[in-house]
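Residue numbers begin at 1 in each chain, while the letters A, B, ... track the order of the sequences.
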Protein chains: 2
Amino acid sequence: MQLSPKIENFVLHCGEMGSRWGFNRTIGQMVGLLVINEKPLTANEIAEALKISRGNVSMGIKELQSWQLVKVHHIPGDRKEYYSPNGSIWDLANRVFEERRKREIDPTLTLLRDQILDSANSPEEKYAQEQMQSIHDLLETVTKWSAELQRLTPEQLQSLMKLGSSVSKVIDLKDKLLRKS
Amino acid sequence: MQLSPKIENFVLHCGEMGSRWGFNRTIGQMVGLLVINEKPLTANEIAEALKISRGNVSMGIKELQSWQLVKVHHIPGDRKEYYSPNGSIWDLANRVFEERRKREIDPTLTLLRDQILDSANSPEEKYAQEQMQSIHDLLETVTKWSAELQRLTPEQLQSLMKLGSSVSKVIDLKDKLLRKS
DNA sequence: TTAAAGTTTCAATAATTACTGAAACTTTAA
DNA sequence: TTAAAGTTTCAGTAATTATTGAAACTTTAA
């Protein structure tokens, strides 16, 4: 498993970005490698290509499975497991998005809901609660919106984008329609 | 600067989430503290409230300024600097979003554009380039969309959401309008 | 000027997170 | 069965990232 410079370049970049996308360097590289390789790879091939230990690959695969980003294949007469990306690029991005929402937004929403229900016993707490309410509303809006967008196919999304340079036009459109009816 | 349990709870939570939102624990706590405090705070007050060193606060403020999340105030006759959030919750969220886009997406888009222009010299590279093209297209779509959404005020966003439980309705709307005109 | 009040910097260290590799485990086929 | 081929686990260690605190710097007012 020897990578061409161009491919290695891409894989290394995925590693660097990995940490920003919610996993660590190694796991980023693994995703990159699996995505640009047409045929599924064994754990050993991955370890060799990325020059990392076999144990590390095993842990990485486990993590990627918890994100539902990889799929296992078996080839008849071969005991090894072969790994490949679980779905299209679009599917993978959606899962990452979803998983991150769960980790980055949901816990905060839960906490805020609790705090807001609680009664404030000082002017400081009163102000704090108002702010928490704003954050709550914002996060809820973002959550609902991302759920809507995720439901769309890439084609629908493209179609929506062609509406014009600004979504505000859609809003105007809606207002006009409402006024007519 | 003694925090009530309720407020401390929120601040600590912001710290935990901080790392998931692109900064570290301390900086997350600082943002939380500034946001729920009605009046601006000095660096010393922040250090005391969060029980961290003065130097750490200084570095945190610097980082938050690079994200454009804090604003400095001066009180006549007082040499200290007072810090407060730079804008509404909505403004802050927008800036974080924007900054993360720059860090998490833009570098990849640049790399992909370069790689795609380059010619493939093997079937493996051919496939790799096709995949990179898909990733590129996806990221570009996401980037454009987030720019659109960021341009909206919270009110417009709410208005847009009320359109119905599914954004696909917007697409139907567009189709109907196009047919009429 | 100078010293007091404040801020910033950064080397040293603490805390956290990732990785290795050897041992334990699992599965399969002879 | 058993041994070969494979996988997983996890204690120890390496690498990275965050924090402190003391020294250096800046600003202001007497």
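- When heavy atoms are screened at a 4.0 angstrom cut-off, Asn24(A) is found touching the sugar-phosphate backbone but no base atom.
- The existence of a salt bridge linking Glu140(B) and Arg113(B) is confirmed by a sub-4.0 Å separation between a basic side-chain nitrogen and an acidic carboxylate oxygen.
- Taking only side-chain nitrogens and oxygens, Thr26(B) comes nearer than 4.0 Å to OP1 or OP2 of dT19(D).
- Using a cut-off of 4.0 Å between Lys/Arg side-chain N and Asp/Glu carboxylate O, Glu148(B) and Lys144(B) are scored as not salt-bridged.
- Regarding contacts with the backbone of dG21(C), every side-chain N or O of Arg54(A) stays at 4.0 angstrom or more from both OP1 and OP2.
- For dA5(D), the paired nucleotide is dT26(C), the pair qualifying as Watson-Crick or G-U wobble because both relevant distances are below 3.5 Å.
- Within the 4.0 Å cut-off from OP1 or OP2 of dT9(D), at least one side-chain nitrogen or oxygen of Lys62(A) is found.
- Lys6(B) has a carboxylate O that lies under 4.0 Å from a charged side-chain N of Glu125(A), or vice versa, which qualifies the two as a salt bridge.
- Arg100(B) and Glu104(A) are joined by a salt bridge, as a carboxylate oxygen and a charged side-chain nitrogen come within less than 4.0 angstrom of each other.
- dC10(D) atom P lies 16 Å from atom CG of Asn56(A), rounded to whole Å.
- Summarising the base pairing, dA15(C) is matched to dT16(D) through a Watson-Crick or G-U wobble pair whose two defining distances lie under 3.5 Å.
- Between the C1' atom of dT8(D) and the CD atom of Glu81(A) lies a distance of 11 Å, rounded to the nearest Å.
- When the nearest nucleotides of DNA chain D are assigned to Gly55(A) and Arg25(B) by heavy-atom distance, the more 5′-ward of the two goes with Gly55(A).
- With DNA chain D read from its 5' end, the first of the two nearest nucleotides for Lys80(A) and Ser19(A) is the one closest to Lys80(A).
- Heavy atoms only, all atoms of each residue included: Val57(B) and Met30(B) are closest at O-CE, 3.9 Å.
- In this structure, the nucleotide among dT27(C), dT20(D), dA4(C) sitting nearest to the side chain of Arg79(A) is dT27(C).
- Glu130(A) has a carboxylate O that lies under 4.0 Å from a charged side-chain N of Lys126(A), or vice versa, which qualifies the two as a salt bridge.
- Residue Tyr83(A) has its side chain nearest to dT8(D) when only dT9(D), dT8(D), dA4(C) are considered.
- The pairing partner recorded for dC10(D) is dG21(C), the criterion being a Watson-Crick or G-U wobble arrangement whose two distances lie under 3.5 angstrom.
- Comparing Gln65(B) and Val57(A), the nucleotide of DNA chain C nearest to each residue sits closer to the 5' end for Gln65(B).
- Rounded to whole angstrom, the span from the CD1 atom of Ile52(A) across to the C1' atom of dA14(D) amounts to 15 Å.
- For DNA chain D, none of the residues of residues 38-47 of chain A falls under the heavy-atom distance limit of 4.0 Å.
- Among pairs with a residue in residues 54-92 of chain A, those fulfilling ring pair (Phe, Tyr, Trp, His ring centres under 6.0 Å) read Phe23(A)-Trp67(A), at least two apart in sequence or across chains.
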